[in-house]
Amino acid sequence: MSEKRKIVIIGGVAGGASAATRARRLSETASIVIVEKGPYVSFANCGLPYHLGGVIQERDALLVQTPQSLKERFNIDVLVNAEAIAIDRNARTVLVRNLITGADDTLTYDALILAPGAEAVRPPLPGLDLPNVFTLQTMSDMDGIIAHVRGTRVKRAAVIGGGFIGVEAAENLAGRGIAVSLIEADRQVLPPLDPEMASPLHAHLRENGIDLRLGAKASACAADGDGIAITLDGGGIVSADLVILAIGVRPRTDLAKRAGLEIGETGAIKVDDAMRTSDSAIYAVGDAVEVTNPVTGLPAFIPLAGPANRQGRIAADQIFGRDSRYRGTIGTSICKVFSLAAGATGASEKLLRRIGRPYQKTYLHPGHHAGYYPDAESISLKVIFDTASGAILGAQAVGAKGVDKRIDVIAASIAAGRTVFDLEHLELAYAPPYGSAKDPVNMVGFIAGNILRGEHRIIHAEEIGALDPARDMLLDVRTVEENAEGRMPNSINIPINELRGRIGELPRDRRIVVYCAVGQRGYVAQRMLTQMGFDAVNLSGGYATWIMAQAAR
């Protein structure tokens with residue numbers, strides 16, 4: 001295959017810029033042109049909220065590449081402020097318009113890569129065209145918000161949408177001393193999490209001064225003096241000097257549709273595992289494409305920077321005859337929420353329930369490192385797995401420290417096709433300042449393995465409300481002091497260390513539902529009672545998980 005090829009890439013940032021630089025590393029003779037609609041060809045859009053809050057102080061630190069740097073190092077031509085208007089697939093040309101001068105030009109290609117990304121959702125609500133309503137997706141968006149904050153006396157801000165960008169924007173505006181309302185139509189923030197795993201974040205946001213409005217849908221914005229009044233469905237008004245829309249994003253597919261390329265069922269551009277579209281000369285990468293979720297086997301729209309970079313690399317490989325293949329997106333993500341982190345990978349319970357996939361789950365609340373070493377922080381960890389094979393289907397974690405490490409290990413295990421039984425045997429780095437001899441990931445394997453082997457019979461927090469006192473007894477095996485600080489209704493307290501001596505107090509004609517603080521002592525009690533002939537189950541994740549589930553109701 002000749003390397004003297006003409007490659008045109010529509011869009012920069014992660015996917016497009018990655019494709020361009022990989023293509024140059026594979027061919028010194030290829031003609032490579034990036035067409036970028038905005039003024040910046042490659043920037044760290046995930047860092048925008050942190051410059052907004054002053055955490056990243058230098059604006060230029062967000063500029064990963066510039067037209068000049070791409071030309072000097074990679075001999076890549078970049079057209080900024082240029083929009084691809086139309087693709088002629090038969091002639092293999094792209095009509096490009098200069099958005100400054102209005103002049104049109106035609107680029108020819110041997111291979112075309114579409115990396116148009118996604119655009120912020122702007123619902124058809126009254127008032128969203130007001131000058132102090134912004135999105136936060138591009139450098140220009142960020143610059144506009146900062147200029148507005150500096151140029152006016154912004155004391156109150158409202159963020160509409162509780163996804164990653166919305167939560168990060170709320171935190172960083174609060175870091176500037178601005179009072180922030182976070183408005184989310186759903187009953188939780190961060191959609192990749194299940195409701196009970198998000199509930200600690202709700203408390204934490206409120207503890208840090210965020211006026212969190214859950215289950216509150218904005219229906220209109222209206223000028224209110226120099227500010228904005230946001231009307232909520234069902235009543236209520238939120239006043240703000242600044243509004244950031246962070247409702248979500250949707251793939252940019254207009255150009256692909258006009259070119260007659262196939263669109264997937266998620267509304268994104270359909271590609272195969274070589275990142276080819278329905279036209280073999282055209283590839284698509286990044287936030288505009290539909291991917292396959294290997295956990296579910298179903299099409300998905302999962303806009304993330306890491307996958308976009310890998311897809312760009314694969315497209316370039318394919319153009320130059322390298323048989324790279326994309327393996328799908330399992331949706332590994334993490335978000336900073338003040339002093340907490342929330343991470344997820346794979347499928348959530350709500351997704352599995354929606355598609356009817358059988359699963360089991362377990363909860364634990366271990367320390368992020370050895371408990372005897374100072375400053376151990378608790379991690380709330382949820383892992384979902386297949387009921388037959390033990391294949392890991394998903395995981396979620398919330399905590400102050402160590403969340404990223406555990407989510408990454410489990411994400412790697414999912415990608416490798418491992419099961420919870422394999423987690424029992426993982427050899428992970430251990431020293432008291434960094435972990436435990438039985439790492440939380442190992443503990444997931446032990447607990448889930450015991451469940452699947454039938455040694456650990458469990459019940460989940462959402463089932464507690466359906467217990468029948470005539471058939472079930474709720475037994476708290478924590479200490480008397482712990483019980484006095486908070487207990488589940490209708491439970492009796494027999495501390496674990498007294499249980500053998502007080503076994504006669506338990507009925508043999510009822511199921512014993514055991515709970516402790518986080519599930520460990522409850523498991524010991526369940527095993528003890530089972531071997532003594534009782535029908536006993538343990539509450540997965542213990543009282544801590546029940547509290548999370550109650551808060552999510």
Side-chain angles (χ1 to χ4, degrees), residues 197 343-346 349 358-373 376-399 401-403 405-432 434-461 477-478 496 499 513-531 536-546 548:
M197 296 301 292
T345 188
E349 182 179 2
Y359 65 90
Q360 181 56 280
K361 60 181 177 177
T362 189
Y363 299 87
L364 59 160
H365 304 272
H368 87 285
H369 63 48
Y372 57 83
Y373 190 85
E377 298 277 1
S378 176
I379 301 172
S380 292
L381 180 58
K382 174 181 184 177
V383 177
I384 310 167
F385 49 96
D386 186 81
T387 53
S389 67
I392 308 162
L393 303 179
Q396 300 165 35
V398 175
K401 298 178 181 177
V403 166
K405 174 179 177 179
R406 276 69 193 200
I407 289 296
D408 282 345
V409 170
I410 295 173
S413 299
I414 294 174
R418 299 302 185 183
T419 70
V420 293
F421 302 111
D422 294 311
L423 299 185
E424 296 179 284
H425 299 284
L426 282 184
E427 183 178 342
L428 302 172
Y430 161 61
Y434 303 106
S436 300
K438 291 188 288 189
D439 189 86
V441 174
N442 297 129
M443 290 301 302
V444 166
F446 297 144
I447 296 169
N450 285 339
I451 292 170
L452 292 178
R453 285 185 287 261
E455 299 169 10
H456 188 180
R457 297 178 59 216
I458 61 170
I459 189 172
H460 292 296
V477 296
R478 298 175 300 162
I496 181 71
L499 188 55
V513 179
V514 184
Y515 75 92
C516 65
V518 296
Q520 186 174 13
R521 285 172 290 175
Y523 169 57
V524 173
Q526 181 261 318
R527 291 298 302 155
M528 182 193 307
L529 292 171
T530 297
Q531 294 178 80
V537 295
N538 178 36
L539 174 61
S540 180
Y543 187 72
T545 299
W546 182 77
M548 291 166 60

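Every heavy atom of this structure was used, including side-chain atoms; hydrogens, water molecules and symmetry mates were not.
Residues satisfying the side chain to side chain contact (heavy atoms under 4.5 Å, CB included) criterion with Thr419, sequence neighbours excluded, are Phe421, Asp422. Annotation: salt bridge (Lys or Arg N to Asp or Glu O under 4.0 Å) contacts of Lys405 (sequence neighbours excluded): none. With sequence neighbours excluded, no residue forms a ring pair (Phe, Tyr, Trp, His ring centres under 6.0 Å) with His460. In this structure, the salt bridge (Lys or Arg N to Asp or Glu O under 4.0 Å) partners of Arg521, at least two apart in sequence or on a different chain, are Glu482. Under the side chain to side chain contact (heavy atoms under 4.5 Å, CB included) criterion, Val537 pairs with Arg457, Ile459, Arg511, Val513, not counting sequence neighbours. Applying the salt bridge (Lys or Arg N to Asp or Glu O under 4.0 Å) criterion to Glu424, with sequence neighbours excluded, gives Arg453. Looking at residues two or more places apart in sequence or on another chain, you find a side chain to side chain contact (heavy atoms under 4.5 Å, CB included) between Tyr434 and Ala431. Scored by the side chain to side chain contact (heavy atoms under 4.5 Å, CB included) test, Met528 finds Ile496, Leu499, Arg500, Met532 as partners (sequence neighbours excluded). Every residue meeting the ring pair (Phe, Tyr, Trp, His ring centres under 6.0 Å) condition with His369, not counting sequence neighbours, appears here in chain and number order: Tyr373. With sequence neighbours excluded, no residue forms a ring pair (Phe, Tyr, Trp, His ring centres under 6.0 Å) with Tyr363. Listed by chain and number, the residues in a ring pair (Phe, Tyr, Trp, His ring centres under 6.0 Å) with Phe385 amount to none (sequence neighbours excluded).
Checked by atom type, the side-chain pair His365/Ser378 shows no donor-acceptor distance below 3.5 Å. A donor-acceptor contact closer than 3.5 angstrom is absent between the side chains of His456 and Ser540. With 3.5 Å as the limit, one finds no donor-acceptor pair spanning the side chains of Asp439 and Ser436.
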* side-chain contact (heavy atoms from CB on, under 4.5 Å) between Val403 and Val398: does it pass, once the steps are laid out? -> CA-CA 6 Å; Val403 166; Val398 175; 5.7 Å; no

* **Test log, rule side-chain contact (heavy atoms from CB on, under 4.5 Å), inputs Ile379 and Arg406** => CA-CA 10 Å; Ile379 301 172; Arg406 276 69 193 200; 4.0 Å; yes

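Residues Val444 and Leu364 form a side-chain contact, since some pair of their non-hydrogen atoms from C-beta on lies under 4.5 Å apart. Counting heavy atoms from C-beta on, the side chains of Ile458 and Leu539 never come closer than 4.5 Å.
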Can you list, pair by pair, the side-chain donor-acceptor contacts under 3.5 Å of residues 407-417, counting residues two or more places apart and other chains?
unit_1 : atom_1 : unit_2 : atom_2 : d
Ser413 : OG     : Val409 : O      : 3.0

